[in-house]
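This report refers to the structure that appears directly beneath it.
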Amino acid sequence: MAVTLLVAGAPAVVSATEEKCYSVDVNAWICGDYWVDRQDEIIEATTTHIQITVAAVLLGLVIAFPLALIARGVPRLESSVLGLSTAIYTVPSLALLPLLVPLTGLTKTTVVIGLGLYCLTILVRAILDGLRSVPDDIREAAVGIGYSSTRLLLRVELPLALPVMMAGLRVATVSTVALTTIGTVVSEGGLGYLIADGQSTEFNAELFAGAVLCVALALTLDLLLVLAQRLATPWRRGLTS
């Protein structure tokens, strides 16, 4: 970049290289040059973070749904199901992921399985609470007109339970966005890599970018779930307006 210096009272133009705001000497927290120069790295980390988060929540749903049905259908097993899901959540993440490594290796699968298991404590309770929120008279009316158990579940109970279930899904998704950063333990942390590397090297722009993108991603996914719920439950718009 050309800069102007005063030499013997007359202006003179000399060339000099402008120091990047993420250079060692400047090390700014908010640095546009960093976002531009490292955009490939940032996009890759964000994409990985989204993939792990979505896969983990979906895995949690697949496991949580039958567990919630078992807990509702067999009351004596409810405490065991809820206790098991809670017990898994108490296992420190720094211990759970290394325990899975011998089975799945240093891959995204390890992180997805670990975070999917962490989702259970929220999702099982949310699904169970949602199904129980369906009024008994509506359930009895559906049975009275000939609904089978499967049809009752799919056509009556699940739609009415959706608001409560979605509330749990939103909490599980937001918490999973944050927990995905621990995937750096097995080299698959998405944005967690930026945070960990920025912290260890005192690279402020990298640390700031990783943290800000995590928050932005959590808010974005939460907003998408809210919109999805509004689309899936059109009858509630009149109730809330």
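Only this structure's heavy atoms are used, side chains among them; waters, hydrogens and symmetry mates stay out.
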(request) Could you grab the distance from atom OG1 of T47 to atom CD1 of I52, nearest 0.5 Å is fine? (result) 11.0 Å

(message) How close do Y22 and D37 get, counting heavy atoms only, and between which atoms?
(response) OH-OD2, 2.8 Å

(request) Using a cut-off of 6.0 Å, state whether more than 12 heavy atoms not belonging to R132 lie near its atom CZ. (result) yes

(request) Taking the side chain as every heavy atom from C-beta outward, state whether L194 and F203 have any pair of such atoms under 4.5 Å apart. (result) no

(message) I'd like to know if V57 and M166 are part of one continuous hydrophobic network [Ile/Leu/Val/Met/Phe/Trp/Tyr, side-chain heavy atoms within less than 4.5 Å].
(response) yes

(message) Counting C-beta onward and ignoring hydrogens, is there a side-chain heavy-atom pair between V212 and W29 closer than 4.5 Å?
(response) no

(message) Would a single hydrophobic cluster contain both V54 and V177, if residues Ile, Leu, Val, Met, Phe, Trp and Tyr are joined by side-chain heavy-atom contacts under 4.5 Å?
(response) yes

(message) Per the disulfide (SG to SG under 2.5 Å) rule, what does the pair list look like for residues 174-219, sequence neighbours excluded?
(response) none

(request) Indicate yes or no for a side-chain donor-acceptor contact from E44 to the backbone of E41 under 3.5 Å, with no hydrogens or angles considered. (result) no

(message) Membership question, hydrophobic clusters at under 4.5 Å side-chain separation (ILVMFWY): are I138 and Y147 in the same one?
(response) yes

(message) Quick test of your reading: applying side-chain hydrogen bond (donor to acceptor under 3.5 Å, both in side chains), list the pairs with at least one residue in residues 133-142, sequence neighbours left out, ordered by first then second residue.
(response) D136-R139, R139-E157

(message) Which heavy atom of P98 sits nearest to which heavy atom of V185, and what is that distance?
(response) CG-CG1, 4.0 Å

(message) To the nearest 0.5 Å, what is the distance between CD on E206 and CD1 on I195?
(response) 10.0 Å

(request) Please find out if less than 6.0 Å separates the ring center of F208 from that of Y34. (result) no

(message) So, taking the atom named CG in N204 and the one named SG in C21, what distance separates them when rounded to the nearest 0.5 Å?
(response) 11.0 Å

(message) Walk me through whether I127 and R72 qualify under side-chain contact (heavy atoms from CB on, under 4.5 Å).
(response) CA-CA 10 Å; I127 296 172; R72 188 186 67 157; over 6 Å; no

(request) Return yes if some donor-acceptor pair links the side-chain N/O of H49 with the main-chain N/O of T181 below 3.5 Å, else return no. (result) no

(message) Within this structure, what is the OG1-CG distance for the pair T176 and L221, rounded to the nearest 0.5 Å?
(response) 10.0 Å

Quick one: side chains of residues 103-123, donor-acceptor pairs under 3.5 Å with protein atoms, not counting sequence neighbours, listed by atom name and distance.
unit_1 : atom_1 : unit_2 : atom_2 : d
T104   : OG1    : L100   : O      : 3.0
T104   : OG1    : T110   : OG1    : 2.4
T107   : OG1    : T104   : O      : 3.0
T107   : OG1    : T109   : N      : 3.3
T110   : OG1    : G105   : O      : 2.5
Y118   : OH     : V91    : O      : 2.5
Y118   : OH     : S93    : N      : 3.0

(request) Over all heavy atoms of both residues, which pair between C31 and A205 is shortest? Give the atoms and the distance, please. (result) CB-CB, 4.0 Å

(message) Please check this pair: side chain of T53 against backbone of I50, looking for a donor-acceptor N/O pair closer than 3.5 Å.
(response) no

(message) Could you see if L207 belongs to whatever hydrophobic cluster contains L213? Use Ile, Leu, Val, Met, Phe, Trp, Tyr and a side-chain cutoff under 4.5 Å.
(response) no

(request) Spell out, yes or no, whether L179 and L191 are grouped together once hydrophobic residues are joined by side-chain heavy atoms under 4.5 Å, including indirect joins. (result) no

(request) Write down the atom of G183, the atom of L97, and the distance for their closest heavy-atom approach. (result) CA-CD1, 4.2 Å

(request) Just do the side-chain contact (heavy atoms from CB on, under 4.5 Å) check on Q229 and L225 with the steps written out, would you? (result) CA-CA 6 Å; Q229 180 180 339; L225 288 174; over 6 Å; no

(request) Locate the shortest heavy-atom distance separating V124 from V81; write the atom from each residue and the value. (result) CG1-CG1, 4.0 Å

(request) Measure from the side-chain N and O atoms of N27 to the backbone N and O of E202, and report whether any donor-acceptor pair falls under 3.5 Å. (result) yes

